[in-house]
There are 2 protein chains.
Amino acid sequence: MRRQASIDEIVAEAWELSRSNGLGNFSMRELGDRVGMRAQSLYSYFASKLEIFDAMFLQGNEQLLETMRIALDAMEDEGDPVATSVTIVDTFVRFCTSDPIRYQLLFQRTVPGFVPSEHSYAVAQEAYDLSVGPLRALGIDDPQLDLCTAVVAGLVAQQISNDPGGDRWVRLTQQATSMLLREFLPDVLSHTHSTRSTT
Amino acid sequence: MRRQASIDEIVAEAWELSRSNGLGNFSMRELGDRVGMRAQSLYSYFASKLEIFDAMFLQGNEQLLETMRIALDAMEDEGDPVATSVTIVDTFVRFCTSDPIRYQLLFQRTVPGFVPSEHSYAVAQEAYDLSVGPLRALGIDDPQLDLCTAVVAGLVAQQISNDPGGDRWVRLTQQATSMLLREFLPDVLSHTHSTRSTT
DNA sequence: GTCTATAATCTGATAGAC
DNA sequence: GTCTATCAGATTATAGAC
């Protein structure tokens with residue numbers, strides 16, 4: 001269907017413009033120019049500018065879902081829940097920091113007026129559940145899980161704000177995860193990941 | 001000086017508008033209305049809209065500096081560097097979460113085109129140095145300090161995004177700080193803050 | 001220092017021809 | 001489905017009278 005191809009191109013250019021101008025800082029005219037269309041013609045595909053954000057939000061969450069599925073499938077063989085958790089956290093941090101604008105749309109409230117549609121929100125929920133699954137499987141639940149999500153969010157936030165494109169915080173991910181697992185499951189760990197700082 | 005009073009009022013209303021509309025999402029007209037002035041008259045006080053953001057940025061960092069100074073003065077008597085660190089982290093987290101818009105301006109890159117002036121930036125630097133001082137005094141330095149700032153940033157980010165106005169993540173601050181100090185200074189701690197999750 | 005007037009431009013969105 | 005034409009308004013900022 002040619003229609004779908006046009007929609008995909010519009011969304012792709014909306015990402016591109018958001019990456020160069022800041023999330024959402026593009027006009028319908030600008031977007032139309034990019035896809036070789038008048039601004040008004042965009043309304044054949046999206047009823048409003050906010051609907052474009054929803055398409056971006058959905059796509060970003062589908063990418064997250066896919067990324068986490070692949071990482072989980074790869075770890076399934078081993079059957080080591082600790083290693084799986086470490087990998088999944090690392091995968092998540094890399095996913096987030098690799099595209100700050102996507103991270104901003106998916107996890108921060110920064111586009112005024114944007115509310116995800118029901119379908120988009122369901123996909124986001126699914127991706128979240130899949131991401132925290134391995135930690136839950138280890139018995140880490142709500143109060144402790146909050147500290148885990150905070151640490152992960154912090155690594156991402158610092159990486160994006162203070163070393164965009166680098167790995168100054170990303171490379172601390174394993175140490176951070178080890179620290180959390182030691183905090184919550186002191187018995188489980190004696191063998192793996194001695195990333196602890198030597199005194 | 002009446003001029004200074006007008007400047008203060010303009011900045012105060014700019015904060016107010018940012019809190020209700022989102023950071024920076026106000027027009028000069030709107031701002032002028034609030035202070036009983038035409039939009040054009042604002043240009044007698046600020047050469048551009050971006051200059052208003054700089055005044056806000058400066059004010060926010062002065063507030064941070066003052067807050068940290070008070071907290072540090074209060075802890076000076078005790079002379080317990082561990083307790084001081086715990087308190088200072090807690091103070092910082094509360095300062096940040098108590099005003100999400102201020103946090104956004106001070107610590108995230110979200111206003112397109114805004115770059116702090118030299119003077120504002122110097123104040124920001126001073127506030128940062130004062131905030132991390134107690135951790136540095138404990139011997140926690142650059143690689144470890146990065147993990148500390150990440151954890152703090154994460155608590156703030158999660159609190160603001162997922163429980164604005166609440167304390168779901170703020171109340172984890174002490175546990176998080178204990179965990180970090182145990183990670184980096186395992187010998188120093190045997191007496192204090194047994195906030196560790198019981199097995 | 002505040003005003004009116006206005007420049008110069010951008011905004012999202014709709015109507016209707018083809 | 002794309003276009004032209006246009007609405008109805010917004011935007012930051014400047015010029016110059018008072």
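In this text, all values refer to a predicted model and were calculated from it rather than measured experimentally. In what follows, every heavy atom counts, from backbone to side chain, and hydrogens, waters and symmetry copies are set aside. Below, read A as the first sequence line, B as the second, and so on, with proteins coming before strands; counting in each chain starts at 1.
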Which is true for A:R29 with a 4.0 Å heavy-atom rule: it touches a base, it touches only sugar-phosphate, or it touches nothing?
base
Mind calculating the distance between CE (B:M28) and C1' (C:dT2) to the nearest angstrom?
14 Å
Within-4.5 Å side-chain heavy-atom neighbours: B:R168 and B:N162
no
Checking all strands, does B:F26 fall into the base, sugar-phosphate, or nothing category for heavy-atom contacts under 4.0 angstrom?
sugar-phosphate
For B:C148 versus B:I140, what's the shortest heavy-atom pair and its separation?
SG-CG2, 4.2 Å
Check for a donor-acceptor pair, side chain of A:K49 on one end and backbone N or O of A:S27 on the other, with a separation under 3.5 Å.
no
Spacing of B:R38 atom CZ relative to D:dT11 atom C1', expressed in whole Å:
15 Å
Atom CD of A:Q40 to atom P of C:dC18: distance rounded to whole Å?
17 Å
Whole angstrom value for the distance that separates P of C:dC10 from NZ of A:K49
14 Å
Applying a 4.0 Å non-hydrogen cut-off, can you work out what A:S48 is touching in the nucleic acid: base, sugar-phosphate, or nothing?
sugar-phosphate
B:N25 CG to D:dT11 C1', in whole Å, measures 13 Å
Describe the nucleic acid contact of B:S27 in one word from base, sugar-phosphate, nothing, applying a heavy-atom distance below 4.0 Å.
sugar-phosphate
For B:M37 and D:dT12, give me the distance from atom CE to atom P, rounded to whole Å.
16 Å
Any sub-3.5 Å donor-acceptor pair from B:T97's side-chain atoms to B:V156's backbone N or O?
no
Rounded to the nearest angstrom, tell me the gap between atom OH in B:Y43 and atom C1' in C:dA7.
13 Å
OP1 or OP2 of C:dT2 under 4.0 Å from side-chain N/O of B:Y45:
yes
Examine C:dC3: is either OP1 or OP2 under 4.0 Å from a nitrogen or oxygen in the side chain of B:S41? Give yes or no.
yes
Quickly work out the B:L42 CG to C:dC3 P distance and round it to whole Å.
9 Å
Does some side-chain heavy atom of A:Q63 sit less than 4.5 Å from a side-chain heavy atom of A:Q59?
yes
